[in-house]
Amino acid sequence: MVGGRSANGGWPVVGVLALQGDYARHRAALVAAGADSRDVRTAEDLKDVSALIIPGGESTTMTLLLDAGLREPLGEFCRAHPVWGTCAGMILLAKSSGDSRIRPLELMDVAVNRNGFGRQVHSFEAELRVSEELGERERSLHGVFIRAPRITKLGEAVRVLAWLGDEPVCVRQGTVLASSFHPELTDDARLHRYFLSMRG
Ligand code: GLN
């Protein structure tokens, strides 16, 4: 690895924010997608990577951990490199979350409602319709939703990559990607590969 670029087909070396949550599953999914990855816990760790995944977990806890010195360098990194937030990660990328305990990074012009798809007992799986941009449009994506955020407002610059019924559940704005479900919990590496192909 040289300067955060993988020798492996030009994929970025992906950092996975490893403060809390299911970061290990993302690292395994990145291996399956053919990419190098690193855990990111400090600002120093960001120097070794050229893209970042913010995993699912608990956005209230992640807010507290980010506020212990990582918020600023992380925000700066995410404005310059591709970033993908899944579930709690999506909440942290949004403009607002409807919960005063969460201080999102405000990197994407979406408003979300935390736990908008229900609490733990309401976790569910469903087939998602995908946009042409994701490829294999005829093949649905299997979505695992765990206390998932619901998108309540979409800015004009945000495009939708996957829908649950008519609702957007995977969105992109520039080099910021967000999904309310957990692709790292399935064997389908399409979204990981899509993220790897995103360039600034
Ligand atoms: N509901 C959780 C939160 O608010 C997110 C759940 C998840 O990431 N699976 O942080």
- Message: We want to know whether Arg114 and Ser59 form a side-chain donor-acceptor pair, criterion being a heavy-atom distance below 3.5 angstrom.
- Response: yes
- Query: Is it true that a side-chain atom of Arg71 and a backbone atom of Pro73 form a donor plus acceptor pair closer than 3.5 Å?
  - Reply: no
- Query: Between Asp67 (side chain) and Leu64 (backbone), is there a donor-acceptor pair under 3.5 Å?
  - Reply: no
- Item | Those residues that, when tested against Ala33, pass side chain to side chain contact (heavy atoms under 4.5 Å, CB included) (two or more places apart) | Ala189, His192, Arg193, Leu196
- Item | Partner of Val112 under side-chain contact (heavy atoms from CB on, under 4.5 Å), chosen from Pro104, Ser180, Pro149 | Pro149
- Message: A side-chain contact here means heavy atoms from C-beta on lying under 4.5 Å apart; do Glu58 and Gln20 qualify?
- Response: yes
- Side chain proximity check, Ile53 to Phe195, heavy atoms < 4.5 angstrom: yes
- Would a 4.5 Å heavy-atom cut-off, applied to side chains only, mark His81 and Leu52 as touching? no
- If you look at every heavy atom in Ser179 and Trp84, which pair is closest and at what distance? OG-NE1, 3.1 Å
- Ignoring hydrogens and angles, tell me if any N or O in the side chain of Thr152 forms a donor-acceptor pair with the backbone of Ala111 under 3.5 Å. yes
- For residues Glu184 and Tyr23, is any side-chain donor paired with an opposing acceptor at under 3.5 Å? no
- Are Leu141 and Phe124 joined in one hydrophobic group, where the rule is that I, L, V, M, F, W and Y side chains link up if heavy atoms are under 4.5 Å apart? yes
- Item | From CA spacing to verdict: side chain to side chain contact (heavy atoms under 4.5 Å, CB included), Ile146, Leu185 | CA-CA 11 Å; Ile146 304 170; Leu185 299 182; 3.7 Å; yes
- Polar side-chain atom of Ser97 near backbone of Asp99 as donor-acceptor pair, under 3.5 Å: yes
- Item | Any side-chain heavy-atom pair of Lys153 and Lys95 under 4.5 Å | no
- Message: Pairing donors with acceptors under 3.5 angstrom, does anything connect the side chains of Ser37 and His26?
- Response: no
- Message: As a quick check of understanding, evaluate side chain to side chain contact (heavy atoms under 4.5 Å, CB included) for Leu107 and Arg79, giving each step before the final call.
- Response: CA-CA 7 Å; Leu107 292 164; Arg79 277 184 283 277; 3.7 Å; yes
- Heavy atoms only: give me the nearest Trp163-Val130 pair and the separation to one decimal. CZ3-C, 4.0 Å
- Query: Can you tell if the side chain of Leu17 reaches within under 4.5 Å of the side chain of Leu74, non-hydrogen atoms only?
  - Reply: yes
- Any donor-acceptor N/O pair, Arg38 side chain to Gly15 backbone, under 3.5 Å: no
- Task: Determine yes or no for a side-chain-to-main-chain donor-acceptor pair under 3.5 angstrom, with Arg129 supplying the side chain and Gly165 the backbone.
- Result: yes
- Query: Can you tell if the side chain of His182 reaches within under 4.5 Å of the side chain of Asp22, non-hydrogen atoms only?
  - Reply: yes
- Query: Are any non-hydrogen side-chain atoms of Leu161 and Val169 less than 4.5 angstrom apart?
  - Reply: no
- Query: Val83 versus Leu105: any side-chain heavy-atom pair under 4.5 Å?
  - Reply: no
- Query: Has the side chain of Thr42 got a donor or acceptor atom that lies under 3.5 Å from a matching backbone atom of Asp45?
  - Reply: yes
- Query: For Arg103 and Thr63, does a side-chain donor sit closer than 3.5 Å to a side-chain acceptor?
  - Reply: no
